[in-house]
Amino acid sequence: MTVAPRLLGAVIEHQTEDGIVGVRLTEVEAYHGELDPASHAFRGRTKRNAVMFGEPGFVYVYFTYGMHYCMNLVCERAGIASALLLRAGEVVEGAELADERRRGAPHRELARGPARLAVTLGIGRDDNGRDACDPASPLRVRAGSPVAPGAVKSGPRVGVAAAVDVPWRFWIDGDPTVSPYRKHVPKRRPANPAPDRAAGAQGFSS
DNA sequence: CTTCCGATATACT
DNA sequence: GTATATCGGAAGG
């Protein structure tokens with residue numbers, strides 16, 4: 001977790017046949033392996049989270065809500081399934097390609113949020129398990145511009161249902177590309193028709 | 001800015 | 001069957 005603030009300011013680059021996009025990280029969240037009820041690794045290894053249990057510096061991509069990809073970097077030694085969710089950043093390379101991928105969203109919104117960041121970088125299933133510390137990798141992390149001393153803030157993670165108060169979200173204070181904080185909202189159950197009226201009153205009983 | 005809502009793969013009970 | 005580390009659009013201030 002101590003690496004989380006150090007990742008801010010670093011640049012993620014993804015090279016594809018369409019070109020290269022680079023994003024300077026402004027917001028990340030730490031997930032503490034099997035000790036953290038909000039972590040995908042909390043209940044042990046699955047097909048999805050297998051990369052989290054491997055070597056640090058590798059990319060863990062997961063698919064969620066039936067439509068979004070999110071990208072993490074594994075950050076502890078093999079066996080300790082901790083990872084950093086890349087939540088937001090500023091596009092610093094390949095703005096034109098990023099614009100196409102994000103359908104002309106305003107520049108500061110291109111990678112403002114983990115699923116948006118993945119779209120902007122062109123991240124998909126195939127990127128799961130890549131080595132981001134290999135400079136020859138098409139998906140890699142490199143040193144970026146330094147973050148001003150004292151500019152890193154921390155607070156509760158966005159949208160998580162468990163461990164809601166643990167301050168494991170880190171961001172660059174005042175940066176416009178940092179995503180807005182949002183509390184977890186439980187899905188509303190579809191309201192069941194009131195049993196005393198629904199059928200009888202409208203004549204659908206039988 | 002805010003709230004509400006639906007889309008829907010994967011993991012879990 | 002239910003829940004979710006999300007987003008975009010619509011509507012309201």
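Heavy-atom basis, side chains included; hydrogens, waters and symmetry copies ignored. The sequence lines fix the lettering, A, B, ..., with proteins before strands; numbering per chain opens at 1.
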Under 4.0 Å between any heavy atoms, over every strand shown, what does [X] touch: base, sugar-phosphate, or nothing? Just pick one.
X: Ala38(A); result: base
X: Arg102(A); result: sugar-phosphate
X: Phe63(A); result: sugar-phosphate
X: Val185(A); result: nothing
X: His40(A); result: base

Practice problem: Starting from P on dC7(C), measure out to OH on Tyr181(A) and report it in whole angstrom. | Solution: 15 Å
Quiz prompt | Interatomic distance where OH belongs to Tyr60(A) and P belongs to dA5(C) [whole Å] | solution = 11 Å
Quiz prompt | Carboxylate-amine/guanidinium proximity below 4.0 Å for Arg157(A) and Glu29(A) | solution = no
Quiz item: Heavy atom of residues 85-99 of chain A under 4.0 Å from DNA chain C: which residues?
Solution: Leu85(A), Arg87(A)
Quiz item: Near DNA chain B, under 4.0 Å by heavy atom, which residues of residues 43-55 of chain A?
Solution: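 Heavy-atom contacts with DNA chain B come from Arg43(A), Thr46(A), Arg48(A).
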Self-check item: Is_stacked (Tyr65(A), dC7(C)) at 5.5 Å, 30 deg
Solution: no
Exercise. Compare the aromatic ring of Tyr62(A) with the six-membered base ring of dA5(C) and state whether they stack according to the 5.5 Å and 30° rule.
Key: no
Quiz item: Considering heavy-atom distances to DNA chain C, does Arg116(A) or Glu29(A) have its closest nucleotide positioned more toward the 5' end?
Solution: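 It is Glu29(A), whose closest nucleotide lies nearer the 5' terminus.
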Practice problem: Between Glu109(A) and Ala83(A), name the one whose nearest nucleotide on DNA chain C is closer to the 5' end. | Solution: Ala83(A)
Exercise. Indicate if Leu86(A) and Met52(A) have the same hydrophobic cluster label, given that clusters are the connected sets of ILVMFWY residues with side-chain heavy-atom separations under 4.5 angstrom.
Key: no
Quiz item: Dot-bracket, DNA chain C: Watson-Crick or G-U, under 3.5 angstrom, [ ] crossing, | other strand?
Solution: ||||.|||||||.
Quiz item: Will you find, in the side chains of Arg87(A) and Ser179(A), an N or O donor that is under 3.5 Å from an N or O acceptor?
Solution: yes
Quiz prompt | Glu13(A) and Val11(A), any side-chain heavy atoms less than 4.5 Å apart | solution =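 Of all side-chain heavy-atom pairs linking Glu13(A) with Val11(A), at least one is under 4.5 Å.
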Self-check item: Derivation and outcome, salt bridge (Lys or Arg N to Asp or Glu O under 4.0 Å), residues Arg77(A) and Glu55(A)
Solution: CA-CA 6 Å; Arg77(A) 68 181 185 274; Glu55(A) 294 290 329; over 6 Å; no
